[in-house]
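Written below as structure tokens is the structure these notes are about.
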Amino acid sequence: MFKKNRHGIQIKTPEQLEKMRAAGLVVGRTLQLLKESVQPGMTPLDLDAIAEKAIRDEGAIPSFKGYQGFPATICASVNDEVVHGIPGDRRKLREGDIISIDCGAILDGWHGDSAVTVGVGEVAPELTELMRVTEEAMWQGIAALRVGAHLSDVGHAVEKYVRSQGRYGIPQEYGGHGIGTEMHMDPWVANHGKPGRGPKLEAGMCFAVEPMVNLGTARTRVLADDWTVVTIDGKPSAHFEHSVAVTDNGPWVLTALDGGRERFGDLSAEGAGER
């Protein structure tokens, strides 16, 4: 039922990609709602409640809740929290904060996974630039997802762009992953490295591309909750992610509401774009 190549990477049929697109749209719409909801005075737990309702109202299931014991629907990582922040109600968001919101949903057995970083009100220029660099690095990595390219081309594109923009830290122990009938599947997708290495990309492969970029050092540590990753130097971090299908016509961004049309044009083969 589920075809894999010789490296064990799942190859989806066009029909299966349509199902992944449906799951991706649930995530994309939920993140759009969350971006519009963020404001000073809210707590990450408030956002978590909005996300869970939105996902369940669409007939989907939150991917994260209960995953290896994770207690919430979203990961909410504020300021120096890089990834995997657990939403709570002890800290209210303040003007000038940035918050990474990572969200996943399961629909008909298929997964979507995406993340954005949002400024709370007006933020400092260096944080706006950090978010811009991280988001653009994600798009550079996505652009490398083309038939015949190598998996390491993705991380190379991410790293090359970030390094061209200044002195930023790229945590090397965290990265993207395969996605499909499970949220996290082989292979791991690094955010750094040399090009031309690893498996060749084939149509039907799907990956989550998710750079994390720190304003300071790349070094991180995990808090006592065994989930929340923070920067060693206490400086802010940004995180962006999309789930993407490799097609013969280029990358189809499954969790982008327009399928990546604005960035890459219309992909006719798998019907990219809003439906």
Side-chain angles (χ1 to χ4, degrees), residues 10 16 19-39 42-79 81-93 97-118 120 174-186 188-189 206-210 212 220 222-230 237-244 254-257:
Q10 198 174 64
Q16 290 169 340
K19 292 183 177 182
M20 286 200 65
R21 172 61 168 159
L25 283 172
V26 172
V27 175
R29 287 190 286 263
T30 300
L31 280 176
Q32 184 61 38
L33 174 62
L34 293 171
K35 285 170 63 177
E36 295 167 356
S37 299
V38 168
Q39 59 182 326
M42 296 189 77
T43 69
L45 196 60
D46 293 332
L47 294 171
D48 189 76
I50 293 170
E52 181 165 8
K53 183 178 187 303
I55 291 170
R56 294 194 186 278
D57 282 352
E58 294 215 42
I61 301 169
S63 300
F64 297 176
K65 197 163 190 177
Y67 179 76
Q68 296 184 359
F70 191 78
T73 293
I74 61 171
C75 295
S77 307
V78 182
N79 295 335
E81 296 172 351
V82 182
V83 283
H84 305 158
I86 298 174
D89 59 3
R90 293 184 178 181
R91 172 173 58 181
K92 292 183 177 181
L93 297 177
D97 286 343
I98 60 172
I99 178 171
S100 161
I101 306 169
D102 194 350
C103 180
I106 311 166
L107 186 65
D108 294 331
W110 295 92
H111 288 258
D113 188 9
S114 184
V116 296
T117 301
V118 183
V120 182
Y174 301 101
H177 49 88
I179 186 168
T181 51
E182 299 173 33
M183 179 168 58
H184 292 140
M185 306 181 73
D186 288 336
W188 186 61
V189 183
C206 295
F207 305 97
V209 178
E210 54 175 321
M212 289 136 267
T220 64
V222 180
L223 297 184
D225 63 16
D226 289 330
W227 282 104
T228 308
V229 179
V230 299
S237 180
H239 173 210
F240 284 83
E241 176 185 17
H242 270 310
S243 298
V244 187
L254 301 169
T255 46
L257 295 182

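For this chain, numbers begin at 1 and follow the sequence in order.
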Please report the shortest heavy-atom distance between G180 and Q10, naming the atom on each side. CA-OE1, 3.6 Å
Taking all non-hydrogen atoms of both residues into account, name the closest pair between V27 and G112 and its distance. CG2-O, 3.5 Å
Give me the atom names and distance for the closest heavy-atom approach of E210 to M212. O-CE, 2.9 Å
Identify the heavy atoms of R21 and T255 that sit nearest to each other, and give their distance. NH1-N, 4.4 Å
What verdict does the side-chain contact (heavy atoms from CB on, under 4.5 Å) test give for T220 and V83, after you've listed the backbone C-alpha separation in whole Å, the side-chain angles of each residue and the deciding distance to 0.1 Å? CA-CA 10 Å; T220 64; V83 283; over 6 Å; no
Working to the nearest 0.5 angstrom, can you tell me the gap between Q68 CD and D226 CG? 11.5 Å
Report the distance from atom CD1 of I106 to atom NE2 of H111, rounding to the nearest 0.5 Å. 4.0 Å
How many angstroms lie between CD1 in I61 and CG in D108, if you round to the nearest 0.5 Å? 9.5 Å
Indicate yes or no: at least one non-hydrogen side-chain atom of I99 is less than 4.5 angstrom from one of D97. no
Can you tell me how far the CH2 atom of W110 sits from the SG atom of C206, to the nearest 0.5 Å? 8.0 Å
If you round to the nearest 0.5 Å, how far is NZ of K35 from OG1 of T117? 10.5 Å
Check: N79 and I98 side chains under 4.5 Å, non-hydrogen atoms: yes
What is the minimum heavy-atom distance between F70 and H84, and which atoms define it? CE1-O, 3.9 Å
Is a donor on one side and an acceptor on the other found under 3.5 Å between the side chain of S114 and the backbone of E241? yes
Please find the pair of heavy atoms, one from L47 and one from L34, that lie closest to each other, and give the distance. O-CD2, 3.3 Å
Please walk me through it: do W227 and V222 pass side-chain contact (heavy atoms from CB on, under 4.5 Å)? CA-CA 6 Å; W227 282 104; V222 180; 5.9 Å; no
H184 and Y67 aromatic centres sub-6.0 Å: yes
Mind running side-chain contact (heavy atoms from CB on, under 4.5 Å) on T30 and I74 for me, showing each step along the way? CA-CA 10 Å; T30 300; I74 61 171; 5.9 Å; no
Student check: side-chain heavy atoms of H239 and S77 closer than 4.5 Å: no
Under 3.5 Å, side chain of H177 to main-chain N/O of M183, donor-acceptor pair present? yes
Answer yes or no: is there a side-chain heavy-atom contact under 4.5 Å between L254 and I179? no
About how many Å separate CZ of R91 and CG of L45, when rounded to the nearest 0.5 Å? 12.5 Å
Closer than 3.5 angstrom, by distance alone: can the side chain of D113 be matched with the main-chain N or O of G104 as a donor-acceptor pair? no
Are the side chains of R29 and L25 in contact, using a 4.5 Å heavy-atom criterion? yes
Under the side-chain contact (heavy atoms from CB on, under 4.5 Å) criterion, do C103 and I55 qualify, and how do the steps go? CA-CA 10 Å; C103 180; I55 291 170; 3.8 Å; yes
Is a side-chain donor or acceptor of E81 paired with a backbone partner of V78 at a separation under 3.5 angstrom? yes
Under 3.5 Å donor-acceptor, D102 side chain and A76 backbone: no
